[in-house]
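Reading through the structure tokens given below for one structure.
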Amino acid sequence: MNFMAASISRRCWFSSSLPSARSSSFPWISPLQLSKAALPKPDPPPDTPIEPQRKPKYISHESAINLIKRERDPKHALEIFNMVAEQKGFNHNGATYATILDKLARSKKFQAIDAILHQMTYETCKFHEGVFLNLMKHFSKSSLHERVLEMFYAIEPFVREKPSLKAISTCLNLLVESNQIDLAREFLLHTKKSLNLRPNTCIFNILVKHHCKSRDLESAFEVVNEMKKSKISYPNLITYSTLMGGLCESGRLKEAIDMFEEMVSKDQILPDALTYNVLINGFCRGGKVDQARKIMEFMRSNGCNPTVFNYSALMNGFCKEGRVQEAKDLFYEMKSFGLKPDTVGYTTLINCFCRAAKVDEAIELLKEMKERECRADTVTFNVILKGLCGEGNFEEALDMLEKLPYDGVYLNKASYRIVLNFLCQKGELKRATELLGLMLGRGFIPHYATSNELLVHLCKANMAEDAAIAMFGLVEMGIKPEPDSWAQVLELICRERKLLSAFELLDELVC
């Protein structure tokens with residue numbers, strides 16, 4: 001376990017003012033002359049008594065935790081953490097350490113985390129395993145996979161207990177999800193040797209999931225066979241659902257159904273809505289939407305009511321086959337059973353309408369979402385933007401791009417790129433240049449190929465000023481177009497006798 005040597009020095013962030021030197025009413029003189037100087041009479045004491053200074057309010061552990069949680073700036077949160085420790089009789093406990101570590105981890109302040117962990121080595125308070133599980137997840141998100149293992153190995157010395165099966169499962173799952181197979185293998189060998197690990201169902205399921213994701217179904221089945229031999233790790237619903245998903249991904253739909261029947265008949269394990277969704281999705285992706293529909297009917301007849309996710313999966317299957325009416329019928333069937341469509345459900349049908357060139361119906365559905373307080377997300381709006389551009393309705397698409405951010409809607413770079421690509425393809429160069437300016441002004445960068453394509457089209461249309469503006473905008477954002485694009489823009493500007501712009505562009509090119 002190698003923590004960084006740096007430690008956070010205990011600092012007092014709020015220093016009390018030092019008592020001021022006694023004031024004198026005569027100028028400073030040499031000590032040798034002090035005896036010769038006539039000292040003035042002291043002023044009479046004031047009539048009003050001086051109020052005693054109030055003691056600062058003591059901050060408890062609970063209050064400190066709330067202050068740290070509410071503080072958005074991680075640096076200020078750390079200042080609070082250090083400041084409360086300066087109080088007489090206050091010692092940090094496991095809860096305050098857990099809170100500051102979570103705050104720093106969310107902000108990716110890993111150097112500060114190392115300093116706090118170093119400080120913890122000198123504490124005598126009780127630490128809980130959850131602190132390290134949380135740090136493992138944050139390190140994994142930042143692709144610091146070695147640190148994930150480091151946090152696992154830190155559990156025993158800090159918590160003074162062996163890691164639980166939950167800790168082992170969490171660490172293994174994070175490594176497998178990140179495709180760190182060598183580290184996962186090293187980890188399993190360590191746990192088997194040092195902790196005398198006897199894998200439970202959860203740990204085996206992680207291995208099954210890994211083999212299925214790697215399309216190594218034979219190894220996945222070997223793991224399941226090992227599970228069946230063990231008394232403490234027999235396959236459960238998650239095991240079978242994962243295997244069925246792997247079979248569907250490989251196009252082995254009949255085997256997936258056979259496994260479903262084996263699970264129910266032999267092992268007496270009843271499927272839930274998620275298990276059915278694996279099959280529905282698998283058959284839809286395999287182009288067998290009608291059979292997917294039968295699976296959902298079977299599901300209902302056997303006492304498992306379909307969820308919004310089941311309906312969305314089946315609607316998406318019909319959408320991909322262009323069967324708009326059947327997707328629409330499913331949507332209204334779902335509502336008739338009292339299910340409230342979510343963002344995914346609405347977006348699925350909106351996408352279906354847009355692909356079928358029925359953008360007006362998609363817009364109506366978007367309005368219905370707003371009325372029913374179902375918040376459309378970035379994917380929903382990107383589908384609408386693509387549909388509008390596909391019908392040549394650039395004015396409405398541009399209007400949406402302009403106004404939506406002011407309505408609190410988050411748009412991503414794909415939102416702008418979708419419209420810009422269509423404008424370039426359709427030769428709408430003036431609009432494309434204006435959109436590029438809006439896009440760059442909001443910090444979004446176009447595709448490299450699209451920006452070069454736009455510059456070439458502007459040059460061919462002899463739009464020298466627009467080409468120069470677009471070029472400057474791209475360079476300022478750190479995009480250096482292809483040499484051919486530079487050459488064409490410079491040639492056009494020179495031809496138009498706008499030499500100052502040409503020299504400025506050459507300066508940018510040299511820099």
Side-chain angles (χ1 to χ4, degrees), residues 72 106-108 141-143 177 277 281 284-285 307-309 311-313 315-317 319-320 324 327-328 331 334 340-426 428 431-432 434-451 454 473 477 479:
R72 292 185 178 181
R106 288 176 186 274
S107 305
K108 295 181 170 56
K141 283 179 185 176
S142 299
S143 299
E177 283 288 330
N277 216 44
N281 262 322
C284 286
R285 280 196 299 267
T307 65
V308 173
F309 299 108
Y311 275 105
S312 297
M315 282 161 53
N316 193 44
C319 174
K320 285 180 178 177
V324 182
K328 192 175 177 181
F331 183 79
M334 172 175 63
K340 187 179 178 181
D342 61 358
T343 304
V344 174
Y346 273 110
T347 304
T348 301
L349 190 56
I350 286 171
N351 184 41
C352 197
F353 285 145
C354 288
R355 290 176 67 163
K358 296 185 176 184
V359 182
D360 290 340
E361 289 189 62
I363 297 288
E364 286 302 314
L365 212 52
L366 186 64
K367 290 176 183 175
E368 184 184 310
M369 286 182 76
K370 191 173 182 180
E371 289 168 4
R372 294 176 181 261
E373 298 182 347
C374 180
R375 191 175 178 82
D377 61 11
T378 310
V379 176
T380 314
F381 286 109
N382 286 355
V383 168
I384 293 279
L385 288 168
K386 190 174 181 181
L388 288 168
C389 291
E391 289 192 351
N393 192 348
F394 298 119
E395 192 171 337
E396 193 168 349
L398 289 166
D399 190 55
M400 284 180 73
L401 286 178
E402 172 67 33
K403 294 178 179 177
L404 283 174
Y406 295 105
D407 295 333
V409 175
Y410 172 75
L411 297 175
N412 59 15
K413 62 184 177 184
S415 314
Y416 296 90
R417 286 178 172 184
I418 287 165
V419 182
L420 186 64
N421 290 348
F422 270 102
L423 290 172
C424 289
Q425 289 168 16
K426 299 295 180 182
E428 295 277 351
R431 282 174 165 170
E434 289 170 0
L435 176 57
L436 179 66
L438 175 70
M439 188 175 179
L440 295 175
R442 290 178 176 175
F444 294 106
I445 298 171
H447 278 296
Y448 186 71
T450 305
S451 58
L454 175 59
M477 291 295 288
I479 303 173

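The figures here come from the full heavy-atom set of this structure, side chains too, leaving out hydrogens, waters and symmetry mates.
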Let me have the donor-acceptor pairs involving side chains of residues 385-395, under 3.5 Å, with sequence neighbours excluded, atom names and distances please.
{"unit_1": "Asn393", "atom_1": "OD1", "unit_2": "Glu396", "atom_2": "N", "d": "3.3"}
{"unit_1": "Asn393", "atom_1": "ND2", "unit_2": "Glu396", "atom_2": "OE1", "d": "3.0"}

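With hydrogens and angles disregarded, no donor-acceptor distance shorter than 3.5 Å links the side chain of Thr348 to the backbone of Asn316. Counting only distance, with no hydrogens or angles, the side chain of Arg442 and the backbone of Lys413 share no donor-acceptor pair below 3.5 Å.
With contacts defined as side-chain heavy-atom distances shorter than 4.5 Å, the pair Lys328/Phe353 qualifies. Counting heavy atoms from C-beta on, the side chains of Arg417 and Thr450 never come closer than 4.5 Å. Contact of the Phe331 side chain with the Met334 side chain is registered, since non-hydrogen atoms from C-beta on lie closer than 4.5 Å. Contact of the Leu366 side chain with the Phe381 side chain is registered, since non-hydrogen atoms from C-beta on lie closer than 4.5 Å. With a 4.5 Å cut-off on side-chain heavy atoms, Leu440 and Pro446 count as touching. With a 4.5 Å cut-off on side-chain heavy atoms, Met315 and Cys352 do not count as touching. Contact of the Leu423 side chain with the Leu398 side chain is registered, since non-hydrogen atoms from C-beta on lie closer than 4.5 Å. Using a 4.5 Å heavy-atom threshold, the side chains of Val344 and Val308 count as separate.
The closest side-chain donor-acceptor pair between Asn412 and Ser415 falls under 3.5 angstrom.
Expressed to the nearest 0.5 Å, how far CE of Met369 lies from OH of Tyr346 amounts to 7.0 Å. Distance check: Asp399 CG to Leu404 CG gives 8.5 Å after rounding to the nearest 0.5 Å. Taken from CG in Leu436 to CZ in Phe444, the straight-line distance is 13.5 Å, to the nearest 0.5 Å. Here Asp342 contributes atom CG and Arg372 contributes atom CZ; the two are 13.5 Å apart, rounded to the nearest 0.5 Å.
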From CA spacing to verdict: side-chain contact (heavy atoms from CB on, under 4.5 Å), Arg355, Cys319: CA-CA 8 Å; Arg355 290 176 67 163; Cys319 174; 4.1 Å; yes
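Smallest separation of non-hydrogen atoms from Cys374 and Pro341: SG-O, 4.0 Å. Summarising the geometry of Phe309 relative to Asn277, their closest heavy-atom pair is O-OD1, 3.4 Å, with the distance given to 0.1 Å. The minimum heavy-atom distance linking Ile350 with Ile384 is given by the pair CG2-CD1, 3.6 Å.
Between Lys403 and Asp407 there is no salt bridge, since no side-chain N of the basic residue sits under 4.0 Å from a carboxylate O of the acidic one. A salt bridge does not link Arg431 with Glu434: none of the charged nitrogens is closer than 4.0 Å to a carboxylate oxygen.
Surrounding CZ of Arg375 are at most 12 heavy atoms belonging to other residues, nucleotides or ligands under 6.0 Å away.
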